[in-house]
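Note that this is a predicted model, so its numbers are computed, not measured. Every heavy atom of this structure was used, including side-chain atoms; hydrogens, water molecules and symmetry mates were not. Read the numbers this way: they start at 1 and go in the same order the structure lists the ligands and their atoms.
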Amino acid sequence: MIHGTIPDIFKKIINEEAPEHFGEVFLQLANIMGPANDNESINKDIPAGWTYFGQFVDHDLTFEREFGMNSRTPIFDLDSLYGQGPNSTKHNHLFEGNEGHETFKIGSLGTPQNKTGDLFRDENFVAQIPDPRNDENIIIASLQLLFQKFHNLLITNHGFNFNQAKQAVVWHYQSIVRTDFLPRIVGSTKIEEIKQNGLKVFNPTQISEVFMPTEYSGACFRFGHSMVRERYSFNSNFNDFRSFPALFFDFPNGRPIEGGHQITIPWTLQGNGESLLRFFDPTILDPLRDANNLSGSINTQLSKILFNLEIERGQNNILAHRNLITGQQLKLANGQQVAAFLRNADVTVTELTSTEILSGGAPLAIQSNTPLWYYVLKEAELQHNGKHLGDVGGTIVAETIIGLLNADPLSVVNRTDDWPIKLGNPDNNDVTMIDIINFVDVG
Ligand code: HEM
């Protein structure tokens, strides 16, 4: 079974628009949003891998390449991994192998530079993947590679055909999104509330009704920007004393052409004891060596590296400033309007006071007209000490994710077939990220 046409539009859930701010208000606000103190703004409850799993999820659902158009399908189908598949002219070059049993091409495999492989790259080291953003930093690139390898192993070692392998990969991924990722970022109380009371503001009943809520893509899901840390303990070559920010984007070998780079031995995250596990499994974290591999607090402080984005030269390189401008261009409602809308829809919401909004030195102009993205971060900071999202952000993120999974007849929550293979605990539906990493590491 395949999906029919899936709407590629962004649409607002809340049909209100915040009064406009002057440009300097956003610059002023962006400038108080960090740089975060990387030794203090730490969320001990969430290992750092989840920051980039979040980015990976973002890139599966939403990409506003052209204003108002979503170039990703807003369902959890991993189009950022599979693209249009091996039978399409657009993406058949990403695959190899017999028809019906295609595997992803892996780059550099078995070469002296890198025993465990890299994304498949062209001669300029530009990754050949459907969404270039999944090569934006070394951790998300490693996640892309992990899921490619998961697919490949199901074919080479478990006798699956392409469709069976894709089905298994997508269901495992969706299961992780629901039960390993979502509760961490919205908190278990929000999940319980939705279980008890149902979805209140985003509840498409069929696939033709789904859309990408602009509040989610333009503001609430951008909470992850505050979880980015300045340094990470990548592997035993580059632990917390030796890693440095440039490594995060630039990888080794420099960038011969803008956007191109390569994962080679010193930077490898998988295999040889240098596993992605060090980003997901707190039990293997060494408190000294790996203190950096926890996520940043979800708060109004952003890492230094996000004040000097080098990835899109010529554009505004302060990420906070960009998010604030984009939110206004998208004509989003402000935090107060969204809070009121949710309360009217019977969602439990405690609204931030203007004193709370202004704490930390925010410009007066935003006290009762707070950009939604900033509001959501402030709420997480004050309501949950930066450990997970608060009432407004948690509701929009949780309802969007659960609503999209529910509306998709092929998703793991609506499945009628048995799992073709199921990693992890056979007695329940929960698969964890650690299950996938162990499966791929061991091969
Ligand atoms: C180093 C890490 C990251 C960098 C450098 C980065 C950079 C960016 C940039 C430049 C944009 C476009 C901003 C604009 O012009 O409006 C963007 C959009 C976005 N980011 Fe990030 N990001 C990072 C991590 C994350 C994470 C961890 C998450 C979520 C967990 C996230 C969620 C989003 C979302 C939802 C969008 C909107 C996408 C769209 O609809 O086009 N990002 N990011």
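- Atoms of ligand 1 found under 4.0 Å from any heavy atom of Thr326, numbered from 1 in the order shown, are 14 (C), 15 (O), 16 (O).
- Distances between N or O atoms of Ser217 and those of ligand 1 include no value under 3.5 Å.
- For ligand 1, the atoms lying closer than 4.0 Å to a non-hydrogen atom of Glu64 are 39 (C), 40 (O), 41 (O).
- Distance check, rounded to the nearest 0.5 Å: CZ of Phe104 to CZ of Phe120 gives 13.0 Å.
- Here is the list of ligand 1 atoms found below 4.0 Å of a heavy atom in Val228: 2 (C).
- Below 30°, between 30° and 60°, or above 60°: for Phe53 and Phe56 the angle between ring planes is between 30° and 60°, a tilted geometry.
- Of the N or O atoms in Asn137, none lie within a sub-3.5 Å distance of an N or O in ligand 1.
- Heavy atoms of Asp58 found under 4.0 angstrom from ligand 1 belong exclusively to the side chain.
- Taking only non-hydrogen atoms, the option from Gln55, Met212, Gln329 nearest to atom 24 (C) of ligand 1 is Gln55.
- In this structure, a donor-acceptor pair under 3.5 Å is present between the side chains of Thr205 and Glu209.
- Residue-to-ligand polar distances place Thr62 within reach of ligand 1: an N/O pair is separated by less than 3.5 Å.
- Of the heavy atoms in Leu319, only side-chain atoms (C-beta onward) come closer than 4.0 Å to ligand 1.
- The closest donor-acceptor contact from the side chain of Glu379 to the backbone of Gly393 lies under 3.5 Å.
- The number of heavy atoms from other shown groups lying within 6.0 Å of CZ (Phe67) is above 12.
- Note on His225: its N/O/S atom closest to atom 21 (Fe) of ligand 1 is NE2.
- Counted by atom type alone, Ser297 and Glu381 present zero donor-acceptor pairs between their side chains at under 3.5 Å.
- Using a 4.5 Å heavy-atom cutoff, the side chains of Asn334 and Tyr375 are not in contact.
- At a 4.0 Å cut-off, not a single heavy atom of Met227 sits close enough to ligand 1 to count as contact.
- The side-chain hydrogen bond (donor to acceptor under 3.5 Å, both in side chains) with Tyr82 is formed by just one residue from the set Lys166, Gln148, His151; it is His151.
- Of the polar atoms of Arg322, at least one N or O is found under 3.5 Å from an N or O of ligand 1, judged by distance alone.
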